[in-house]
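Basis for what follows: all heavy atoms, side chains included, without hydrogens, waters or symmetry-related copies. We count ligands from 1, going down the list as the structure has it; atoms in each ligand are counted the same way.
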Amino acid sequence: LFLVPAIIIPIIFITRKKRRLSRQSFGIANKVSQHLNQTLQGIKTIQAFSNEERETKKFAEAIHSANRNAYRNVQTSALQSPLLEIMISIGLCISLIAGGHFIANDILTVGDFTAFLLALTAAYKPAKSITGLNNSVQHGLLAADVLFEYLDSEPDIKDAPNAIELKKGEMSIDFKNVYFSYIPGEPVLTNVNINAPAGSVIAFVGPSGGGKTTIFNLLERFYEPQKGQILINGKSIKKYTLQSLRENIAEVSQDVFLFNGTIADNIKYGAPSATKEQVEKAAKAANAHEFIMKFPKKYSTSVGERGQLLSGGQKQRIAIARAILKDAPILLLDEATSALDTQSEKLIQSALKKLMIGRTTFVIAHRLSTILDADQICVVQGGKIIERGTDAELVALDGEYKKLRDIQFRKTK
Ligand SMILES: Nc1ncnc2c1ncn2[C@@H]1O[C@H](COP(=O)(O)OP(=O)(O)OP(=O)(O)O)[C@@H](O)[C@H]1O
Ligand SMILES: [Mg+2]
């Protein structure tokens, strides 16, 4: 009976090795598709920070390592397959001879021996499928091809042939009779006019779906208005290079997008050369330093895929730190609709107040306390600005804004 372990041990060994290999290749395929997912979902954030080139490079590196691993796996399994077959054949021969001997001497019953043979064949099949493990890597590589195509595809919005740099400095923003629809015939903005002198704070309030975030999308040139013009310092934004336009805009968006990486990486996203001190300074100004220091790994804490390891309020403060570090003259704040606890809301609001100083700011607010002292408040409803003025002026007007305000301040008191 001592022959049995002699057959089983190599099988166990091979199965283990196979398990390790498939776990490895699964990990690689997973990493590639995770990266793919993240890039597609974070595309707006990547573009807003003009980081397309950096992402493409990072991805190329991931693919390269996946390729290398796939090659190694193929090599190993190619070697393993014949080895396995020889071993199994020898094992089968020995066990048949031994089995015959044992049965003849009444040590084993025929039933026991049949069960043993069946178990052996069952183990043989999964061991043989080792050559198939490369498949998952191939899937990942296919996904990579698709992504490269996507990143390389000609963008709809391009620089004008003689586009100029938008230089850092004071920025005034004007929207002139802007009309826009995502889907032809279904206008989202009609005849929108905004005048924001350099350094002013313009607030947007109004019901969900009114078109507020769309105003931001147009200013960042993710889309182009079908009619009308958007001007920065008196010139159409189409006249500036896309890169320089976006370099001058920092955005804290409605759904903060964090990349799988450390907290520090995410804060540095718009300024990769920033030092540790600069990162910390920005985090302090964003009221994020304190909670970051509570993690065992501090700034090296991984945020998880899409930042799922952080709370909504923490994610927002990281995004604010990111915007602070970018130090752009135009600031776009799209307040999250999700409710935050009063404590983190206060921390976020005080961080935002500091961030607005000296910048031309567009702020979308769901909590009116953020914008009471804005230079101008625009009520956006059904794609139109239906009321505009300071808080006092709009209260005096006694219209939609007054209604919103009454509801909110009654609720909170
Ligand atoms: N990419 C898109 N493609 C097609 N329609 C869109 C797209 N983005 C937004 N819309 C539509 O445009 C309208 C305005 O959307 P927008 O995101 O600007 O609203 P909002 O005022 O920011 O709302 P909320 O307060 O909920 O954030 C909505 O009807 C929305 O369904
Ligand atoms: Mg919105």
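Note: no N/O pair closer than 3.5 Å links I183 and ligand 1 by distance alone. Any N or O atom pair closer than 3.5 Å counts here, and V188 shares no such pair with ligand 1. Between G206 and ligand 1, a contact under 3.5 Å exists for no N or O pair.
Using a 4.0 Å cut-off to heavy atoms of T213, the atoms of ligand 1 that qualify are 17 (O), 18 (O), 20 (P), 22 (O), 27 (O). Close contacts of ligand 1 with T214, meaning ligand atoms under 4.0 Å from a residue heavy atom, involve 14 (C), 15 (O), 16 (P), 18 (O).
Counting non-hydrogen atoms of neighbouring residues, nucleotides and ligands closer than 6.0 angstrom, the NZ atom of K167 reaches no more than 12 such neighbours. Counting non-hydrogen atoms of neighbouring residues, nucleotides and ligands closer than 6.0 angstrom, the NZ atom of K235 reaches no more than 12 such neighbours. More than 12 non-hydrogen atoms from other residues, nucleotides or ligands lie less than 6.0 angstrom from CD of E224.
Taking a 4.0 Å cut-off on heavy atoms, H366 registers as neighbouring ligand 1.
S172 pairs in a side-chain contact (heavy atoms from CB on, under 4.5 Å) with only one of the listed residues (L231, N233, I232), which is N233.
Checked by atom type and distance alone, the side chain of E280 never pairs as donor or acceptor with a backbone atom of E277 at under 3.5 Å.
Of the listed residues (Y223, Y182, F222), the one carrying the non-hydrogen atom nearest atom 5 (N) of ligand 1 is Y182.
Between the Mg ion (ligand 2) and S208 there is no N/O/S contact shorter than 2.8 Å.
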- Yes or no on side-chain hydrogen bond (donor to acceptor under 3.5 Å, both in side chains) for D391 and Y401, after CA distance, side-chain angles and deciding distance? CA-CA 9 Å; D391 177 65; Y401 178 77; 2.6 Å; yes
